[in-house]
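Following: one structure in structure tokens, then a few remarks.
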Amino acid sequence: MAVDYQTLAVEGVQSLTPYQPGKPVEELAREYGFRPDDIIKLASNENPLGPSPRALAAAREALENLCLYPDGNAFALKEALSRHLGLAPAQLTLGNGSNDVLEVIARCFAAPGSEVIYSQHAFAVYPLVTLAIGARGVEVPAKNWGHDLEAMADAVTERTRLLFVANPNNPTGTVAGEKAIRSLMDRVPERVVVVLDEAYCEYLAGTDDDVNGIGLLRDYPNLIVTRTFSKAWGLAALRVGYAVSSAAIANILNRVRQPFNVNTVAQVAATAVLSDLEYLERSREVNRQGLRQLEAGLTDLGLEWIPSAGNFVAVDVGRDGNEVFQGLLKEGVIVRPIGGYGMPSHLRVSVGLPEQNERFLKALKRVLSATGA
Ligand SMILES: *Cc1c(COP(=O)(O)O)cnc(C)c1O
């Protein structure tokens with residue numbers, strides 16, 4: 001008798017659908033015979049500037065020591081981060097991308113029988129880490145594409161252990177202000193751990209939405225703020241993210257993470273980029289201008305888009321998004337269809353360099369006129 005491994009997997013895992021990453025450039029090149037250089041990828045919210053030269057130099061130097069295990073406590077990176085953020089190293093938990101940190105948080109605080117709250121149209125990793133540990137995901141309907149924080153607070157029960165808020169959210173780009181976050185925290189009981197995922201917070205600097213979850217930690221001991229080097233800091237390939245929390249929560253998280261979950265090259269590059277504030281400022285500026293460019297171009301095409309606080313914009317193409325996505329692939333342009341997020345007529349487009357944004361807009365115009373509404 002053949003064994004059906006599907007039925008052997010733990011229950012939560014049976015219902016999982018794998019995370020759908022952006023289509024790699026090399027894959028599209030293979031499939032359609034493009035040269036990789038002729039393809040633009042605006043599909044994974046990557047930094048279009050390329051890495052910081054300072055990070056690159058540090059990473060190159062670290063290659064000499066590939067035979068050695070990383071520093072499991074990441075002393076230098078934690079020191080640099082604690083200076084950058086103005087908090088104690090003991091409040092930090094590092095991860096192989098903040099994705100890793102989100103998973104560690106779920107494993108520390110939820111189990112079969114627990115409920116984990118997140119929003120409709122929220123980042124796909126929350127249901128993934130919830131179901132993988134056999135906990136129950138409670139998806140709260142969104143409001144105007146954003147998190148309905150009041151409804152999320154209402155959804156808390158005796159069984160709730162965790163509540164995820166993406167701020168700004170991916171893929172919608174919506175953001176909640178400090179007042180709304182505070183009133184959520186005021187309503188959620190202290191025994192429920194709230195994760196404020198601030199993967200895009202660097203892009204908020206200087207805007208009206210400039211919320212900083214780290215400033216709320218003092219008032220709310222059940223809060224964990226997660227951040228990443230993958231977006232504005234331009235180190236997505238290296239996988240470095242972190243959680244900021246009370247030292248007591250960090251002590252729990254650090255028990256469960258893998259001892260060497262952040263590799264040496266990642267540690268030194270992340271440490272180096274923290275000193276490259278010029279790179280960060282350029283990332284913000286390119287993003288600000290690129291967003292305006294995309295918004296204006298999409299409006300010219302008669303399309304509705306969701307105002308975004310991130311480095312991407314979700315646009316309603318008024319027809320099957322997957323079809324438009326396929327049409328764009330033939331133009332050598334990779335964006336992200338988000339039907340899996342309950343947004344079948346939207347595409348998520350990452351902000352690129354000005355010429356990339358322009359090329360996307362032109363390709364989209366051609367594809368839309370070929371497919372008809
Ligand atoms: C990109 C992203 C992350 C994290 O990415 P890592 O590369 O794993 O650090 C986390 N949350 C949201 C909402 C994101 O969009």
Side-chain angles (χ1 to χ4, degrees), residues 18-22 24 41-48 51 55 74 77 81 92-106 116 118-130 132 139 142 145-147 162-176 181 194-204 209 211 213 224-244 253 257-258 261-263 265-267 269-270 273-274 283 287 291 306 308-314 335-336 338 340-341 343 346 348-351:
Y19 182 79
Q20 292 279 349
K41 181 184 175 208
L42 302 176
S44 300
N45 301 347
E46 292 150 339
N47 195 317
L77 176 54
L81 261 179
L92 296 168
T93 307
L94 299 179
N96 185 37
S98 55
N99 197 323
D100 181 30
V101 176
L102 295 170
E103 189 181 331
V104 167
I105 293 170
V116 177
Y118 42 80
S119 173
Q120 180 190 19
H121 311 310
F123 188 44
V125 166
Y126 314 144
L128 260 178
V129 299
T130 300
E139 186 184 284
W145 301 111
H147 290 29
L162 263 179
L163 188 154
F164 285 105
V165 174
N167 207 43
N169 183 42
N170 170 16
T172 57
T174 49
V175 66
I181 299 289
V194 176
V195 180
L196 199 54
D197 178 348
E198 297 190 331
Y200 301 95
C201 68
E202 290 84 5
Y203 295 109
L204 298 176
D209 301 315
V211 258
I224 303 177
V225 178
T226 60
R227 294 190 175 177
T228 181
F229 285 91
S230 298
K231 311 285 165 51
W233 295 104
L235 296 177
L238 290 178
R239 320 298 306 121
V240 200
Y242 57 95
V244 187
L253 300 179
R257 72 170 175 86
Q258 286 183 31
N261 62 340
V262 183
N263 70 74
V265 181
Q267 288 185 30
V273 82
L274 280 176
S283 300
N287 192 61
L291 254 187
I306 305 171
S308 173
N311 65 347
F312 55 88
V313 60
V335 297
R336 192 74 151 263
I338 47 176
Y341 286 84
M343 302 172 73
H346 281 80
R348 192 195 68 195
V349 186
S350 307
V351 175

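In listed order, ligands and their atoms are each counted from 1.
- T172 has its side chain out of reach of H346: every pair of non-hydrogen atoms, C-beta onward, lies at least 4.5 Å apart.
- In this structure the side chain of T226 reaches within 4.5 angstrom of the side chain of L102, judged on heavy atoms.
- Of the candidates W145, Y126, Y341, H121 forms a ring-ring contact (aromatic ring centres under 6.0 Å, His included) with just one, namely W145.
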N/O contact list for ligand 1, threshold under 3.5 Å:
unit_1, atom_1, unit_2, atom_2, d
ligand 1, 7 (O), S230, OG, 2.6
ligand 1, 7 (O), R239, NH1, 2.7
ligand 1, 7 (O), R239, NH2, 3.2
ligand 1, 8 (O), S98, N, 3.2
ligand 1, 8 (O), N99, N, 3.0
ligand 1, 8 (O), R239, NH2, 2.7
ligand 1, 9 (O), S98, N, 2.7
ligand 1, 9 (O), S98, OG, 2.9
ligand 1, 9 (O), T228, OG1, 2.5
ligand 1, 9 (O), S230, OG, 3.4
ligand 1, 11 (N), D197, OD1, 3.2
ligand 1, 11 (N), D197, OD2, 2.6
ligand 1, 15 (O), N170, ND2, 2.7
ligand 1, 15 (O), Y200, OH, 2.6
ligand 1, 15 (O), K231, NZ, 3.2

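- Counting only heavy atoms from C-beta outward, the side chains of V165 and D197 never approach each other to under 4.5 Å.
- Here salt bridge (charged side-chain N to carboxylate O under 4.0 Å, His left out) pairs that include residues 225-235, with residues two or more places apart or in two chains, are E198-R227.
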Might you work through the side-chain hydrogen bond (donor to acceptor under 3.5 Å, both in side chains) test for Y200 and N169, ending with a clear yes or no? CA-CA 8 Å; Y200 301 95; N169 183 42; over 6 Å; no
